[in-house]
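Shown next, in C-alpha cells, is the structure this report addresses.
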Amino acid sequence: MTATLHTTAALALGDDALVLSHRLGEWAGHAPVLEEEVALANIALDLLGQARVLLSMVGDEDELAYLREERAFRNLQLVEQPNGDFAHTIARQLYFSTYQRLLYTHLAAADGEFAGLAAKAVKEVAYHQDHAEQWTLRLGDGTDVSHERMQRACRTLWRFTGEMFQPVEGLDIDWTGIKTAWLESVGDILRRATLDIPEGPQAGAWTAGAGRQGLHTESFGRMLAEMQHLHRSHPGASW
Amino acid sequence: MATAAAHRPAHADGTAHMDAAAYEAVFDAAVAADERIEPRDWMPDAYRATLVRQIAQHAHSEIIGMQPEANWITRAPSLRRKAILMAKVQDEAGHGLYLYSAAETLGTSRDELLDKLHTGRQKYSSIFNYPTLTWADVGAIGWLVDGAAITNQVPLCRCSYGPYARAMVRICKEESFHQRQGYELLMTLSHGTPEQHAMAQDAVDRWWWPSLMMFGPPDDESAHSAQSMAWKIKRHSNDELRQRFVDICVPQAESLGLTLPDPDLTWNEERGHYDFGPIDWTEFRDVLKGNGPCNEQRLTQRRRAHDDGAWVRDAAAAYAAKHNATGTADASARTAGGPSADQTDENGKA
Ligand SMILES: [Fe+2]
Ligand SMILES: [Fe+2]
C-alpha cells in the first residue's frame with residue numbers, strides 16, 4: 001500500500017464509516033424500540049457499504065479491516081466513542097452525519113475520484129442526518145430526563161468535533177467553510193431541540209487531528225480486539 | 001376476501017341482527033371455501049384467541065431470535081459476512097414489526113404482547129434458548145433454523161386469517177434468503193481449512209436435534225393442532241412438516257460435506273421418506289419449561305433493552321404530545337426506511 005494522497009483520504013473516510021458502522025452494530029438486540037433496531041441497522045449497513053468501497057480503493061478490504069493495528073487506523077476519535085446511552089449514540093450520529101453530509105455534498109459536486117461514491121453516499125447520509133435530527137428533537141424537547149441526558153451527551157462529545165475540520169490530505173475542500181456550515185446546521189437543530197450549544201473547546205490536547213494520525217482512545221483497542229479476533233485466529237482462511 | 005358481504009353481515013348494512021349461530025355458519029362457510037377472514041369480519045372468540053397466541057409467539061420468536069445471531073455481528077470474520085449478518089438480524093426485527101401489526105388487527109397492542117413476553121406469560125420458539133458458540137453457528141442457524149421456519153411457515157401463507165397470511169408471504173421470501181446464506185456460509189467453512197470444517201460440523205451436531213424440535217411435539221401430543229387445522233390456521237401436522245424438513249435436509253447435508261448426527265437416518269423406499277431416530281422430548285420439555293441453556297439470558301436481555309429504553313419511548317411520546325405529531329412508533333417508522341429483501345439480496349451478492 002503506497003501512501004498517496006488518494007489512499008490517505010480513502011483510509012480516513014473509509015475508517016470513519018467502518019468504525020461507526022461497527023459501533024452501531026453493537027446496538028443489535030438492545031435498541032429502545034423495535035423501529036430503532038431497523039433504523040440503526042439501516043445506518044450501520046449504509047456505512048459498512050461506504051467503508052467497503054473506500055477501503056477497496058486502497059487494497060483488500062478485509063486485510064485493511066482485520067489485519068491493521070490500532071495505530072494504523074485513520075478514523076476520527078468521534079466515531080470510535082462507545083455507544084453510551086441512546087442519547088450519546090444520537091449525539092454522535094448528529095455530529096458525524098452532519099459532517100459527512102457536508103463533505104460528501106462537496107465531493108459529489110467536485111470531479112475527483114470520490115465523486116461517484118459521494119453521489120450515492122450523500123443520499124444515504126441525508127437520511128442518517130434526518131434520523132439523528134428527529135431524535136435530537138424528541139430527546140431534547142421530550143421529558144426532563146431525556147433533555148438532561150441529551151444535553152449531557154452533546155456536551156461530552158463536543159470536544160471530539162474539532163477534529164472533523166482538520167484538513168485531510170488528498171481532499172480539496174474548503175474546511176473553514178465546512179466548519180461554518182456544520183456549526184450553523186448543528187446549532188440550529190440543537191436550538192430547536194431546546195438544547196444549549198456546548199460552550200467548551202471543540203478539541204482537547206489529544207483530540208485535534210489525533211485520530212487521523214493514528215492516535216485513538218482506550219476503548220478503540222478493545223473494539224478492534226473483538227472485531228479482529230476471529231479473522232486473526234485463522235490466518236489465511238477465507239470466509 | 002371474495003365475498004365480503006356474505007360473511008360480514010353486521011357491517012354490510014348495519015342493520016342485520018343475526019344470532020351467534022348464524023354468524024358462525026357464515027364464518028365456517030368462508031373458511032370451508034378457503035376465503036380469507038379479514039379483521040372486520042365476525043370470528044369466533046376462540047379463533048381470535050388462537051391467532052393472537054400464535055402470532056404473538058411468532059413475533060416474540062423473531063425478536064428474541066435476533067439475540068443469538070447479533071452475538072456474532074461484532075466478530076464477523078469478513079466485511080461481506082458482516083453486512084449479510086447485520087441485514088439478516090435487521091430482517092428479523094422487521095418480521096417482528098409485521099407480526100405485531102398483524103396481531104394489532106385482532107385488537108391486541110404490541111405493548112400488551114411485549115408485556116406478556118417480558119413477564120413470561122407468552123412464549124417464543126425454544127430454539128433460541130440454545131447458545132451460538134462459534135461463527136459456524138450463524139451458518140447452522142441460517143440453514144437449519146431458518147430452513148425449519150420456512151417449512152413451518154410456507155403453509156401459513158395460505159392461513160385463513162388475511163393479515164397473518166400476507167405477513168407470512170413477505171416473511172417467507174426473506175427467510176429463504178437467510179436459509180441460502182446460511183447454507184452458503186457452511187459450504188465455505190466445510191470446504192475451508194480443517195479447523196473451519198470442524199467448526200461447521202460441530203455447529204450442525206449441536207443444532208440438528210433442536211431444529212427438529214421446532215416443529216413441536218408429536219401429533220398425538222399436540223394440544224392445539226386439531227382445532228387449528230379445522231380453522232385452516234394450520235395446514236399440516238407437526239410430524240408431516242418435520243418429515244418434510246428431514247427429507248429436504250439430508251441431501252443438502254451431503255452436498256455440504258457434513259454429517260447429520262443421527263445414525264438412524266436411512267432412506268425408506270416403501271414410505272418414500274427418510275426414517276430418523278427418536279427425538280429427546282425430555283430435553284424439549286425441559287427447555288420449554290425454562291431450563292434451556294439461555295432462557296434466562298434471552299429474557300433478561302430483552303427486559304433490559306425494554307427497561308433501558310423506557311426513557312426514550314417516554315421522550316418520544318412527550319414530544320409527540322407537545323407537537324401534536326404521531327407517537328414514537330409511527331414517527332420512527334417513517335424515517336426508518338424499513339427492512340428490505342433488496343438489501344439482503346444486495347449484501348448477499350456483494
Ligand atoms: Fe424471521
Ligand atoms: Fe430469518
Side-chain angles (χ1 to χ4, degrees), chain A residues 18 21-22 24-45 48-49 51-52 55 61-62 64-66 85-87 90 127 130-131 134-135 137-143 145-147 149-150 223 226-234 236-239, chain B residues 63 66-67 69-83 86-87 89-90 93-94 96-97 100 110 135 185 188-189 192-193 195-196 301-302 304-306 308-320 322-323 328-329 331-333 335-339 343 346-347 350:
Chain A
L18 178 73
S21 167
H22 185 95
L24 291 172
E26 292 173 355
W27 271 103
H30 301 273
V33 58
L34 201 43
E35 282 79 358
E36 285 307 299
E37 294 283 0
V38 176
L40 295 171
N42 254 346
I43 299 170
L45 280 165
L48 184 53
R52 295 180 65 190
L55 295 181
E61 59 175 29
D62 287 336
L64 288 163
Y66 292 99
D85 65 4
F86 191 67
I90 291 301
Y127 155 66
D130 184 55
H131 172 265
Q134 297 307 317
W135 273 111
L137 295 174
R138 287 188 202 113
L139 298 182
D141 194 15
T143 63
V145 172
S146 70
H147 177 89
R149 281 179 182 253
M150 192 62 200
M223 192 203 102
E226 185 174 340
M227 182 174 109
Q228 297 182 335
H229 160 260
L230 176 59
H231 185 99
R232 284 179 182 257
S233 300
H234 298 261
S238 28
W239 299 96
Chain B
I63 65 168
M66 296 169 68
Q67 290 182 31
E69 294 200 272
N71 184 36
W72 282 93
I73 287 179
T74 53
R75 291 176 289 172
S78 75
L79 297 185
R80 173 173 169 266
R81 292 289 177 199
K82 189 171 182 167
M86 279 207 285
V89 174
Q90 181 192 40
L97 282 174
Y100 286 119
R110 193 204 305 182
W135 170 249
L185 193 163
T188 306
L189 294 181
T193 64
E195 291 80 9
Q196 286 176 308
Q301 180 179 326
R302 180 85 271 292
R304 193 190 307 130
H306 189 77
D308 287 354
W311 69 273
V312 177
R313 297 189 301 276
D314 289 347
Y319 180 84
K322 273 189 227 178
H323 295 270
T328 167
S332 45
T335 54
Q343 192 148 41
E346 194 177 293
N347 284 301

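Each chain gets a letter, A, B and so on, in the order the sequences are listed, and its residues count up from 1. Just so it is clear, the structure is predicted and the values come from calculations on it, not from any experiment.
Taking each heavy atom of A:G29 and B:Q301 in turn, the nearest pair found is O-NE2, 3.2 Å. Listed here is the closest heavy atom pair of A:N42 and B:Q90: OD1-NE2, 2.9 Å. Among all heavy-atom pairs drawn from A:V38 and B:G94, the shortest one is CG2-N, 4.1 Å. The two residues A:G25 and B:I73 come nearest to each other via the heavy atoms O-CG2, 4.1 Å. Of all the heavy atoms in A:Y66 and B:A76, the pair that sits closest is OH-O, 2.7 Å. When every heavy atom of B:A83 is checked against every heavy atom of A:L45, the shortest pair comes out as O-CD2, 3.4 Å.
Contact annotation for A:H234: only side-chain heavy atoms (C-beta onward) come within less than 4.5 Å of a heavy atom of chain B. Interface residue A:R149: only side-chain heavy atoms are found under 4.5 Å from chain B. Neither the backbone nor the side chain of A:I43 has a heavy atom closer than 4.5 Å to any heavy atom of chain B. For A:A44, the parts lying near chain B are the backbone and the side chain together; criterion is any non-hydrogen pair under 4.5 Å. Both the backbone and the side chain of B:R75 come within contact range of chain A, each with at least one heavy atom under 4.5 Å from a heavy atom of that chain. When heavy atoms are compared at a cutoff of 4.5 Å, A:F86 approaches chain B by way of both its backbone and its side chain. Contacts of B:D308 with chain A are absent, with no heavy-atom separation under 4.5 Å from either backbone or side chain. When heavy atoms are compared at a cutoff of 4.5 Å, B:S78 approaches chain A by way of both its backbone and its side chain. Of the atoms belonging to A:L34, heavy atoms from both backbone and side chain fall under 4.5 Å from chain B.
For the options B:M66, B:E69, B:M86, B:E195, heavy-atom pairs under 4.5 Å to chain A are most numerous at B:M86. Of the listed residues (A:G236, A:S238, A:S21, A:A51), the one with the most heavy-atom contacts under 4.5 Å to chain B is A:S238. Heavy-atom pairs under 4.5 Å with chain B were tallied for A:L139, A:L48, A:D141; the largest tally goes to A:D141. The candidate from B:G96, B:A318, B:A315, B:A310 with the greatest count of non-hydrogen atom pairs under 4.5 Å with chain A is B:A315.
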- Message: Using the rule given for side-chain contact (heavy atoms from CB on, under 4.5 Å), can you reason through A:D85 versus B:V312, listing the C-alpha separation, both sets of side-chain angles and the distance that settles it, and then say yes or no?
- Response: CA-CA 10 Å; A:D85 65 4; B:V312 177; over 6 Å; no
- Derivation and outcome, side-chain contact (heavy atoms from CB on, under 4.5 Å), residues B:Y319 and A:L137: CA-CA 8 Å; B:Y319 180 84; A:L137 295 174; 3.7 Å; yes
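Separation of atoms NE2 (A:H30) and NE2 (B:H306) is listed at 15.5 Å; rounding is to 0.5 Å. Atom-to-atom distance recorded for A:H22:NE2 and B:K82:NZ is 5.0 Å, nearest 0.5 angstrom. The CG atom of B:L79 lies 6.0 Å from the CZ atom of A:R52; values are rounded to the nearest 0.5 Å.
For A:D62, the salt bridge (charged side-chain N to carboxylate O under 4.0 Å, His left out) criterion is met by no residue, not counting sequence neighbours. Not counting sequence neighbours, A:E37 has no partner by the salt bridge (charged side-chain N to carboxylate O under 4.0 Å, His left out) test.
Using a cutoff of 4.0 Å between basic side-chain nitrogens and carboxylate oxygens, B:R110 and A:E35 are scored as salt-bridged.
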